[in-house]
Number of protein chains: 2
Amino acid sequence: MKKSKINLKTKDKIMHHAIHEFIEHGYHGARMQNIAERAKVNKALIFYYYTSKDQIYKEVLGRIFKTIFERLNNLSDEPTSVENKVRQIVDVYMSVLIDYPDYIKLMMYELSSGANTVKELNPFGALGMPFSPMGGKIYSFFDGKIRAGEMKQVDIIQLIISIVGQIIISFIGLPIIRTAFESNKMDFDIKIFLEKRKDFIVNLVINGIKPEEKI
Amino acid sequence: MKKSKINLKTKDKIMHHAIHEFIEHGYHGARMQNIAERAKVNKALIFYYYTSKDQIYKEVLGRIFKTIFERLNNLSDEPTSVENKVRQIVDVYMSVLIDYPDYIKLMMYELSSGANTVKELNPFGALGMPFSPMGGKIYSFFDGKIRAGEMKQVDIIQLIISIVGQIIISFIGLPIIRTAFESNKMDFDIKIFLEKRKDFIVNLVINGIKPEEKI
DNA sequence: TTATATATTAACCAGATGGTTAAACCATTT
DNA sequence: AAATGGTTTAACCATCTGGTTAATATATAA
């Protein structure tokens with residue numbers, strides 16, 4: 001936990017605290033008054049810098065998506081094995097979620113309310129990136145490996161969704177998983193769990209797309 | 001779309017419409033007045049049958065969980081192959097989500113706000129079922145198969161989380177997946193997508209846990 | 001120092017929201 | 001038909017909430 005960053009300009013300070021208010025309560029649950037108190041400014045000041053709750057919410061979402069997608073796009077371009085690439089992907093995705101465990105909460109809010117705001121400020125040029133059949137780094141990597149016979153001939157989009165899904169559930173499902181562990185009197189250490197999880201996902205995927213043994 | 005069920009008693013009618021109001025807007029976004037209008041009753045009547053917004057919300061969550069878990073527990077007990085069992089599990093989970101595509105939205109709301117209400121009314125005796133290391137049908141099935149050498153020696157809890165995660169993302173990610181498809185000018189048919197998805201998940205998992213080839 | 005533009009605040013407001021009340025309605029029993 | 005008890009409603013209320021206003025404090029330029 002860092003100390004309050006007194007150097008942040010007021011507008012950014014407000015944004016910073018707005019992010020956390022929206023994360024904790026979602027759009028409808030968030031209160032402008034709370035944001036003001038968190039940022040230790042008068043509520044009117046928020047409306048001096050931002051025009052409405054709606055606008056500040058959109059800006060919050062925009063920042064979060066930008067932060068996440070910048071990191072996700074941070075994949076090495078160097079040629080490597082299928083196994084290494086899968087490990088890289090899982091690593092990067094997981095590390096983002098570990099660094100910003102709360103961001104995903106807001107994305108879930110968005111998705112569960114139909115992702116309307118997200119669609120509106122469409123960062124899917126960005127999201128398109130990893131998924132995109134044309135030009136997506138990840139897509140073209142796997143495409144090459146399939147042609148080279150280094151992995152099974154699978155639907156690459158489905159593969160990416162599967163990888164991402166296994167990772168995402170590790171975070172959004174945490175409250176349930178934790179409760180399930182505890183109600184079975186098993187210890188639950190989140191760090192250990194996520195480490196195990198990472199290995200499991202990589203192994204399952206690798207074995208799942210390994211080419212048939214040649215005889 | 002069925003016609004309005006005039007035989008429903010008033011209290012159930014209110015509950016029915018409350019479910020959909022909460023699904024569409026989440027706890028904070030839901031309005032008692034809206035529920036009243038949906039159910040075509042006076043708002044005061046809601047408070048005649050239920051004591052507060054909070055209480056009706058909890059009852060809504062309880063119903064949803066019950067509905068879902070009853071279905072999930074509907075797995076055949078007959079002995080079968082690993083492949084068939086995985087297919088069964090994916091089938092059952094997916095069919096529940098297909099039948100109640102909205103229910104998951106509310107579960108996401110819950111999870112993203114820390115699942116506090118859910119924890120409180122803890123149906124994880126129920127949720128424990130499939131996950132539980134002791135007594136869980138699914139768990140003990142895989143346990144038996146591992147001992148019999150019919151599948152790899154994997155962490156069964158991780159396996160279940162992976163299967164569930166791949167399924168859940170297929171639904172909560174739909175808005176994003178759809179947008180990604182469309183922004184790449186690819187047709188998106190949800191039925192076809194989910195069919196492909198089912199096969200993909202089954203294949204990936206089956207191949208992922210297949211025992212090493214014996215030489 | 002004074003004028004000017006920017007930053008910040010206390011007080012305020014209209015509309016919305018969860019919840020209440022007292023009266024009316026309706027079916028059943030006597 | 002009158003009494004009874006559950007059901008439904010219109011009107012109401014206190015509080016909360018996003019947003020405004022007008023005045024004040026602070027920094028900058030002249």
Side-chain angles (χ1 to χ4, degrees), chain A residues 4-64 106 109-110 112-114 116-117 120-121, chain B residues 4-63 106 109-110 112-113 116-117 120-121:
Chain A
S4 68
K5 308 170 189 172
I6 45 167
N7 289 337
L8 278 180
K9 293 187 70 66
T10 310
K11 194 179 176 184
D12 281 340
K13 186 172 67 185
I14 292 171
M15 172 55 56
H16 174 84
H17 291 285
I19 289 178
H20 292 286
E21 175 72 8
F22 281 118
I23 282 173
E24 274 177 42
H25 304 291
Y27 178 79
H28 288 290
R31 298 288 169 246
M32 301 308 276
Q33 184 59 42
N34 287 353
I35 297 176
E37 277 162 27
R38 282 169 186 261
K40 285 174 186 133
V41 299
N42 188 282
K43 187 180 59 157
L45 199 58
I46 301 177
F47 292 95
Y48 177 74
Y49 287 113
Y50 301 92
T51 62
S52 66
K53 185 183 184 182
D54 213 70
Q55 190 231 331
I56 201 171
Y57 178 66
K58 279 176 192 155
E59 209 145 315
V60 164
L61 274 189
R63 286 220 184 186
I64 287 182
L106 202 55
Y109 263 116
E110 257 302 287
S112 48
S113 46
N116 295 317
T117 309
E120 207 176 303
L121 72 241
Chain B
S4 68
K5 307 168 188 173
I6 46 168
N7 289 337
L8 278 180
K9 294 186 70 64
T10 311
K11 193 179 176 184
D12 281 341
K13 186 172 66 183
I14 292 172
M15 173 56 55
H16 174 84
H17 292 284
I19 288 178
H20 291 287
E21 176 72 10
F22 281 118
I23 282 173
E24 275 178 41
H25 305 289
Y27 177 78
H28 288 289
R31 299 287 169 246
M32 302 308 277
Q33 184 60 39
N34 286 353
I35 297 175
E37 277 162 28
R38 282 169 186 263
K40 285 177 185 126
V41 299
N42 189 284
K43 187 181 61 159
L45 200 58
I46 302 177
F47 291 95
Y48 177 73
Y49 287 113
Y50 301 91
T51 61
S52 67
K53 185 182 183 182
D54 215 69
Q55 189 230 333
I56 200 170
Y57 178 66
K58 278 176 193 155
E59 209 146 314
V60 164
L61 273 189
R63 288 220 183 186
L106 202 55
Y109 263 114
E110 257 302 286
S112 46
S113 46
N116 295 317
T117 309
E120 206 175 304
L121 73 240

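Here is how names work: the chains are called A, B, and so on, in the same order as the sequence lines, proteins then strands, and each is numbered from 1.
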In whole Å, what is the span from the CG atom of A/Leu45 to the C1' atom of C/dA7? 7 Å
In whole Å, I'd like the distance from the NZ atom of B/Lys53 to the P atom of C/dA16. 16 Å
For A/Ala30, report the nucleic acid contact type (base, sugar-phosphate, nothing); a contact means any heavy atom under 4.0 Å. sugar-phosphate
Of the non-hydrogen atoms in B/Ala18 and B/Val60, which two are nearest, and what is the gap between them? CB-CG2, 4.1 Å
Straight-line distance of A/Asn34 CG to A/His25 NE2, nearest 0.5 Å: 6.0 Å
Expressed in angstrom and rounded to an integer, what is the separation of B/Gln55 atom CD from C/dG18 atom C1'? 14 Å
Need to verify one output field. Residue with the more 5' nearest nucleotide on DNA chain C, A/Ala44 or A/Tyr48? A/Tyr48
Does any non-hydrogen side-chain atom of A/Met15 lie less than 4.5 Å from one of A/Tyr49? no
Which part of the nucleic acid, if any, lies within contact of B/Tyr50, taking any heavy atom under 4.0 Å across all strands shown: a base, the sugar-phosphate backbone alone, or nothing? nothing
What is the first contacted nucleotide of DNA chain D and what is the last, in 5' to 3' order, if contact means an atom lying under 4.0 angstrom from a heavy atom of chain B? D/dG6 to D/dA10
Please report the end-to-end axis angle for the helix from C/dT1-D/dA30 to C/dT30-D/dA1, five pairs per end, rounded to 10 degrees. 10°
Between A/Gln33 (CD) and C/dA16 (P), how many Å, whole number? 21 Å
Taking the six-membered ring for Trp, are A/Tyr27 and A/Tyr109 closer than 6.0 Å centroid to centroid? no
Of the candidates C/dG18, C/dT9, C/dT8, the side chain of A/Thr10 sits closest to C/dT8
Sub-4.5 Å side-chain heavy-atom contact between A/Tyr50 and A/Met32: no
d(CZ, A/Phe47; P, C/dC12) in whole Å: 19 Å
Heavy-atom pair of closest approach, residues A/Ile35 and A/Ile14: CG2-O, 4.1 Å
A/Lys53 and A/Phe22, any side-chain heavy atoms less than 4.5 Å apart: yes
Rounded to whole Å, CG of B/Asp54 lies from P of C/dG18 at a distance of 12 Å
Between C/dA16 (C1') and B/His25 (NE2): distance, integer Å: 15 Å
Check whether any side-chain heavy atom of A/Leu106 lies under 4.5 Å from a side-chain heavy atom of A/Tyr57, and answer yes or no. yes
Applying side-chain hydrogen bond (donor to acceptor under 3.5 Å, both in side chains) between A/Arg38 and each of A/Glu24, A/His17, A/His20, A/His16, report the one that passes. A/Glu24
Between B/Lys40 and A/Ser52, just flag the one whose closest nucleotide in DNA chain D comes earlier from the 5' side. B/Lys40
Phosphate OP1/OP2 of C/dA16: any B/Arg31 side-chain N/O under 4.0 Å: no
Nucleotide C/dC25, atom P - distance to CG of B/Asn42 in whole Å: 14 Å
